[in-house]
Amino acid sequence: MKQITRIFDLLELYKDEYNSIPDLFNIKKDGEWVRFTAKEYIQYSDLISLGLLALGVSKGTRIATVMNNCPEWNFFDMGILQTGAIQIPVYPTISEENYRYIFNDSAIEYLVFSDKEIYERIKKVLPEIAGLKAVFSIEPIKGIRNWHEILELGKKYPDPRDLEKIKQSILPGDMATVIYTSGTTGRPKGVMSSHNNFVTNYKALAEIPPLKMHDRAISFLPLCHVYERTAGYVYQSFGVSIFYVQDIDQLGEYIREVKPHGFASVPRVFEKIYNKIVTKGRKLPLPMKILFFWALRQGHKYELDHSRGWIYDVKLMIANLLVFSKWRAALGGELKFIVSGSASLHPRLARIFWAAKIPILEAYGLTETSPGVTCYRFEPGCMKFGTVGPLLTGNQMKIAEDGEVLCKGPNIMMGYLNRPEKTAEVIDADGWFHTGDIGVIEDGKFLKITDRKKEIFKTSGGKYIAPQPIEQKIKESPFIEHIMVVGENRNYAAALIIPNFEHLKNWCEVKHIAFVSREKAVKNPKIIRRIKHEVERFNLDLDQTEKIKKIRLLDALWSTESGEISPTLKLRRKFIMEKYSKIIEETYRSSEFNYRVEG
């Protein structure tokens with residue numbers, strides 16, 4: 001078998017080892033699964049490559065893809081890369097301004113997008129892209145060229161052997177893609193990554209999961225993001241069948257149907273799963289309710305080293321038999337692992353999922369690191385709650401004097417497109433990449449991230465506050481959907497809070513409180529007092545300077561579309577601070593009891 005040194009070399013696996021897979025890529029349309037075989041993967045990828053060559057694409061040509069998760073994403077990924085062109089994957093849910101900036105900054109010549117919904121987002125921008133030669137859609141749209149035109153051009157290409165010659169000229173160190181950061185701290189930056197960046201990283205990650213050919217994976221995080229993209233390469237390296245979820249609201253339904261062996265996720269998904277389970281538990285008849293919460297208490301005590309003794313083990317066995325078995329069934333019943341990345345998972349949640357025999361492998365990385373830096377492993381002594389695991393094979397790491405995490409390895413990006421000064425800021429003369437994250441190394445090998453360097457702020461009293469750990473802790477409450485801690489140059493910390501309105505409705509129903517609308521709910525004194533109580537409960541575990549002294553409930557629904565949340569589900573703090581500047585000022589000026597947290 002040919003050695004894999006470039007991303008598209010993965011296709012060689014489907015020619016040699018995995019050519020019999022009947023359901024490599026799967027997507028549901030009109031209620032029915034549409035399946036693509038391993039042979040079709042190779043066929044479509046090659047035809048796209050040849051079709052692009054016929055259009056005039058050559059090595060270095062920039063091609064943007066704005067696509068939802070679907071099999072065609074992979075066809076274009078490989079089809080573009082085999083020509084030596086550079087793929088620019090772009091989120092389907094960003095603002096018009098960001099589309100305009102990314103398309104022009106990356107100097108794209110061709111654009112491929114999924115459907116009419118995305119077209120409505122980008123159509124005003126298209127005339128403003130200098131050098132744009134052609135636009136193609138996956139779904140039929142009147143007046144827009146369809147991707148089948150590229151396939152037809154590929155079928156008519158005069159000498160398909162040209163493609164093999166071009167592939168041979170592409171080196172592992174050549175640029176493969178430019179992935180734009182989510183812009184949580186300002187304008188997105190284009191991360192230039194080589195074939196080698198991705199290949200070495202997916203190979204290191206592939207050492208971890210116990211996968212085999214014909215296993216099943218669910219894919220719902222955006223493929224345009226480095227996290228899910230690399231996960232996709234890991235699945236492909238094992239010959240795993242991938243099932244795409246286009247509507248995250250249907251994730252639970254898809255999981256129960258597909259019964260996946262693994263998937264990549266973010267902590268917010270686990271938080272929502274847990275909160276839904278607890279909400280259902282509260283509605284159980286009294287005997288079952290007592291058993292349910294007893295099982296939760298056992299789960300919260302779980303230790304990876306099984307050090308709690310045989311009595312606890314017996315209790316946990318009973319909890320698994322009577323309660324946690326239902327959790328596993330709700331997640332398909334066949335999970336071997338879930339990877340959690342993009343943000344920190346609270347140890348309390350990690351413990352209970354592991355106790356329920358749902359293994360969550362915490363990982364850490366960035367777009368600039370392709371992305372993996374650390375990850376739990378199944379070998380003994382390679383996991384520790386509250387950390388993001390040990391280093392991946394081939395990576396190096398150290399902590400700078402100011403606490404910043406630095407890393408080095410073959411996965412580190414080539415640099416930022418068109419921004420050499422920004423590249424020089426983050427990659428020093430010795431090749432160390434400065435992540436911008438603050439962390440510590442525990443037990444000599446486990447990385448623990450404590451905050452983002454740029455997000456730590458100082459109060460007017462000169463005390464530093466790291467908001468992320470506080471927010472992470474308070475978000476354990478099922479009453480709270482989003483929270484952002486503020487307080488820079490103020491004499492105490494306050495918080496903007498978006499309640500979990502679904503949970504709030506259920507609570508109001510039980511308490512016989514009228515829930516008329518979100519707008520009225522956040523002004524209801526009883527609801528404000530209930531959420532204040534939640535904040536007070538978490539304040540007990542915080543240092544005096546970290547305690548939240550005032551809260552402000554908001555009726556908004558923060559999302560990627562409205563701009564408060566990045567596509568990777570992180571808070572866009574600068575945007576939120578600007579958008580809610582008047583409300584923040586009012587909150588600090590207000591002496592109303594409703595907004596003040598006692599203690």
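For the numbers below, each heavy atom of this structure counts, side chains included, while hydrogens, waters and symmetry mates do not.
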When rounded to the nearest 0.5 angstrom, what is the spacing between CD in Gln87 and CD1 in Ile7? 8.5 Å

Evaluate the ring planes of Phe25 and Phe75, with Trp represented by its six-membered ring, and classify them as parallel (under 30°), tilted (30 to 60°) or perpendicular (over 60°). perpendicular

Run the side chain to side chain contact (heavy atoms under 4.5 Å, CB included) check on Glu207 and Arg377 step by step: do they pass? CA-CA 9 Å; Glu207 295 174 1; Arg377 303 176 74 95; 3.2 Å; yes

Only one of Tyr110, Trp73, Tyr44 clears ring pair (Phe, Tyr, Trp, His ring centres under 6.0 Å) with Trp147; which? Tyr44

Pairing donors with acceptors under 3.5 angstrom, does anything connect the side chains of Gln236 and Tyr41? yes

Could you tell me whether Lys189 sits above the aromatic face of Tyr416, with NZ or CZ closer than 6.0 angstrom to the six-membered ring centre and within 45 degrees of the axis? yes

Among all residues two or more places apart in sequence or in another chain, which pass the side chain to side chain donor-acceptor pair (under 3.5 Å) test with Tyr254? none

Measure across Ile150 and Ile48 and return the closest heavy-atom pair with its distance rounded to 0.1 Å. CG2-O, 3.8 Å

Give me the atom names and distance for the closest heavy-atom approach of Lys28 to Gly31. CG-C, 3.7 Å

Between Glu481 and Lys272, does any NZ, NE, NH1 or NH2 come within less than 4.0 Å of an OD or OE carboxylate oxygen? yes

More than 12 heavy atoms of other residues, nucleotides or ligands under 6.0 Å from CD of Glu32: is that the case? no

Hey, mind stepping through Leu406 and Thr435 against side chain to side chain contact (heavy atoms under 4.5 Å, CB included) and telling me if it holds? CA-CA 6 Å; Leu406 312 185; Thr435 64; 6.0 Å; no

Can you sort out the partners of Lys15 under side-chain contact (heavy atoms from CB on, under 4.5 Å), two or more places apart, ordered by chain and number? Glu12, Ile42, Lys167

Can a side-chain donor-acceptor contact be found between Glu257 and Trp33 if the only test is distance below 3.5 angstrom? yes

Residues that Lys212 engages under side chain to side chain donor-acceptor pair (under 3.5 Å), provided they are two or more places apart: Asp215

Glu120 and Lys116 ion-paired at < 4.0 Å: no

Please check: side-chain N/O of Arg6 versus main-chain N/O of Ile170, any donor-acceptor pairing under 3.5 Å? yes

Specify the closest pair of heavy atoms between Tyr14 and Gly239, including all atoms of both residues, with the distance to one decimal. OH-CA, 4.3 Å

Which residue in the set Tyr202, Phe8, Tyr233 passes ring pair (Phe, Tyr, Trp, His ring centres under 6.0 Å) when paired with His195? Phe8

State, to 0.1 Å, how close Ile360 and Tyr376 come at their nearest heavy-atom pair, and which atoms those are. O-CD2, 3.7 Å

Indicate the atoms forming the closest heavy-atom contact of Thr177 with Pro89, along with that distance. OG1-CD, 3.4 Å

If you look at every heavy atom in Cys407 and Thr369, which pair is closest and at what distance? SG-CG2, 3.9 Å

Do Arg187 and Tyr101 form a cation-pi contact, if we require the NZ or CZ to be under 6.0 Å from the six-membered ring centre and within 45 degrees of the ring's axis? yes

